[in-house]
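Report on the structure given below.
Values reported hereafter were calculated over all heavy atoms of this structure, with side chains retained and with hydrogens, waters and symmetry mates removed. In this chain, numbering begins with 1 at the start of the sequence shown.
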Amino acid sequence: HTPCGEQSPGICVQCASGQYKTAGAAFACKSCPVGRATGSLGSGSCAVCNGTTEWQDRGGAHACKRSTICGQSQFELKAPTSISDRVCASHTVCANDQFELAAPSAVGDRQCQYLTVCSNDQWEFVAPQLTRDRKCRDHTICAVGQWESSAPGVQHDRVCASITECDSETHFRAIAATAFSDSVCRIILTCPAGRYENKAPTATSNRLCWACAAGRFKSSAGNDNMCTECAQGQSQPAKSAIRCHNCTPGKYQASSAQTS
């Protein structure tokens, strides 16, 4: 009889599940190698596990194992082969001080990067988001001729304004500008009737008006630097006068600038 690989001569027995024997091969059936399997009796070969949806790490297997399928929050850390399963890992979750630099995928992890931290002389120009970094800008430095009208903050810039220039024809600078305040301009005084200009205004000081002395007058507002003397036949006993009085009937005054 033709030997079939069994102990009993002349009797051919089918190879068991997980085993195979090719035609003309040795007497005994062989176990399917790692990465192959057969579920049939009397197989002449073992099917190869495709290494994508199935695998087998044990010899003599009657079926391939199903490959692990990664979940929605996982990615493929190691691809499957015919002899090894797929290895999945959880996607990295970015911390509160990080943003997503690269999005996760089925075969790649999420990449996180630490958010930019603005320095003390910077402000947050663009706020961070889950997938966007923070953008910082240097605080504006006020130039010569400017003052800080609004202080800088963590999320806003410094605001600078031009220092007010007083019109020298009509105003004087009462308060000088500082780094944090504007200059203050005030209207130059016009001496009223009865008062004359004792000191002319400057860029930083007002006009100084003094009262007309007794025996003198100034009838209207203006910046004359002296008052007019009362004429002969007139007098003025008071200061800051706007006119002189004529002598009453029966009296006379032969001199000018008299108080009686």
Distance-only donor-acceptor check, side chains Q122 and S119, under 3.5 Å: yes
Side chains of E197 and N223: any donor to acceptor distance under 3.5 Å? no
Student check: side-chain heavy atoms of [X] and [Y] closer than 4.5 Å:
| X | Y | value |
| --- | --- | --- |
| D57 | S84 | no |
| S67 | P80 | yes |
| C209 | R207 | yes |
| W55 | S82 | no |
| T92 | Q111 | no |
| Q155 | W123 | no |
| S256 | Q258 | no |
| S149 | V159 | yes |

Other residues, nucleotides and ligands only: do more than 12 of their heavy atoms fall within 6.0 Å of NE2 on H139? yes
Over 12 non-hydrogen atoms of neighbours within 6.0 angstrom of CG in L208: yes
Give a yes or no answer on whether the side chain of [X] reaches the backbone of [Y] with a donor-acceptor pair at less than 3.5 Å.
| X | Y | answer |
| --- | --- | --- |
| N50 | T53 | yes |
| R86 | T68 | yes |
| D133 | T116 | yes |

Please evaluate residues D85 and K78 with respect to the criterion salt bridge (charged side-chain N to carboxylate O under 4.0 Å, His left out), reporting the C-alpha separation (whole Å), side-chain torsions for both, the decisive distance (0.1 Å), and the verdict. CA-CA 8 Å; D85 193 12; K78 184 178 181 181; over 6 Å; no
Using the six-membered ring of F217, assess whether NZ or CZ of R243 lies under 6.0 Å from its centre and within 45 degrees of the ring axis.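 The answer is no, since R243 fails at least one limit relative to F217.
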